[in-house]
Every structure is written in C-alpha cells, then in structure tokens.
Amino acid sequence: MVTLGGHIKETGSTTKTKTGGWRTFKPVIHMDKCVDCGCCWIFCPDMSILRKDGEYSVDLEYCKGCGICSRECPTGAIEMVLEEK
Ligand code: SF4
Ligand code: SF4
C-alpha cells in the first residue's frame, strides 16, 4: 500500500481505474506485422493488452498510453498515435 497526495492507494489499483481523457498517445496494433510473441501482453503494466484467438487488441478504457508495449514489440507492430481530442 502506498500514499499519494495524502490518499492511500492499493498496490495495482491502476488496473481498477479507468484512464479518462488525459492520455496523449494510444497504441494501435498492426496485426499484419504481429508474430504472436506475447511481449506486449507480458510487459503492459496495466494489463491492457488483450489476446483472443491469436489476435491482440488494446483495452483503451485502462491503457495509460505509456508506450511500453510499442517499445517492447520486436517487429514494430504497435504504433503510438496521437489521441484526437
Ligand atoms: S501504452 Fe502502456 S498501458 Fe497502454 S497497452 Fe501499451 S503498455 Fe499497456
Ligand atoms: S509484441 Fe508485437 S509481435 Fe509480439 S504479440 Fe505484441 S504486437 Fe504481436
């Protein structure tokens, strides 16, 4: 448990908190470049990468736009694109 701004937060509570409208960049997965290695799924700190039947997608309700998935993808399949406001 940690304190942030005087509030007590549970460890891992970001996965319970929707991101809202502050994200600047969002990941877009180009499945034609994906080799199904699972790196994005493993490294996402918010468990926002979803995998179903070998297809990957991003849960944008929780994704914070940190770009780790894009950095870790060995084939450059994940593009970080500017959010439209
Ligand atoms: S940008 Fe960050 S939070 Fe969003 S899916 Fe990628 S690793 Fe997860
Ligand atoms: S890291 Fe890249 S290649 Fe690997 S599963 Fe994710 S999108 Fe596909």
Side-chain angles (χ1 to χ4, degrees):
M1 202 170 277
V2 295
T3 58
L4 291 172
H7 300 283
I8 296 174
K9 300 286 183 187
E10 279 181 64
T11 304
S13 65
T14 54
T15 59
K16 299 173 189 167
T17 309
K18 292 187 177 180
T19 300
W22 55 263
R23 186 179 51 226
T24 307
F25 288 90
K26 66 179 178 183
V28 173
I29 302 175
H30 300 287
M31 282 307 298
D32 57 319
K33 294 183 183 173
C34 177
V35 295
D36 195 10
C37 66
C39 288
C40 55
W41 181 82
I42 290 169
F43 281 98
C44 175
D46 270 309
M47 296 189 287
S48 298
I49 299 285
L50 308 175
R51 182 177 186 272
K52 188 174 183 190
D53 300 328
E55 294 281 317
Y56 289 80
S57 60
V58 181
D59 186 342
L60 292 173
E61 295 277 1
Y62 294 93
C63 166
K64 306 298 185 291
C66 66
I68 291 173
C69 54
S70 179
R71 289 294 296 265
E72 294 297 334
C73 177
T75 65
I78 304 180
E79 180 183 7
M80 297 302 292
V81 301
L82 195 60
E83 286 275 5
E84 290 177 23
K85 300 287 182 186

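The basis for the numbers below is simple: all heavy atoms, side chains too, and nothing from hydrogens, waters or symmetry mates.
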Distance check, rounded to the nearest 0.5 Å: E61 atom CD versus K18 atom NZ?
4.5 Å
M80 and G65 have their tightest heavy-atom pair at CE-O, 3.7 Å
Can you list the other members of the hydrophobic cluster that holds L50, where links are side-chain heavy atoms under 4.5 angstrom apart?
none
Determine whether more than 12 heavy atoms belonging to other residues, nucleotides or ligands lie under 6.0 Å from atom CZ of R71.
no
Pairs touching residues 73-82 that satisfy salt bridge (Lys or Arg N to Asp or Glu O under 4.0 Å), sequence neighbours left out
none
Under 4.5 Å between side-chain heavy atoms, chaining through other members, with only Ile, Leu, Val, Met, Phe, Trp and Tyr counted: pull out the rest of the cluster around I42, sorted by chain and number.
I29, M31, W41, F43, I49, Y56, V58, L60, I68, I78
For D36 and R51, run side-chain contact (heavy atoms from CB on, under 4.5 Å): C-alpha distance rounded to whole Å, both residues' side-chain angles, the deciding distance at 0.1 Å, then the answer.
CA-CA 9 Å; D36 195 10; R51 182 177 186 272; 2.9 Å; yes
Can you tell me how far the OG atom of S48 sits from the NZ atom of K26, to the nearest 0.5 Å?
14.0 Å
Between atom NZ of K64 and atom SG of C44, what is the distance when rounded to the nearest 0.5 Å?
8.5 Å
R23 side chain to C63 backbone, donor-acceptor under 3.5 Å
yes
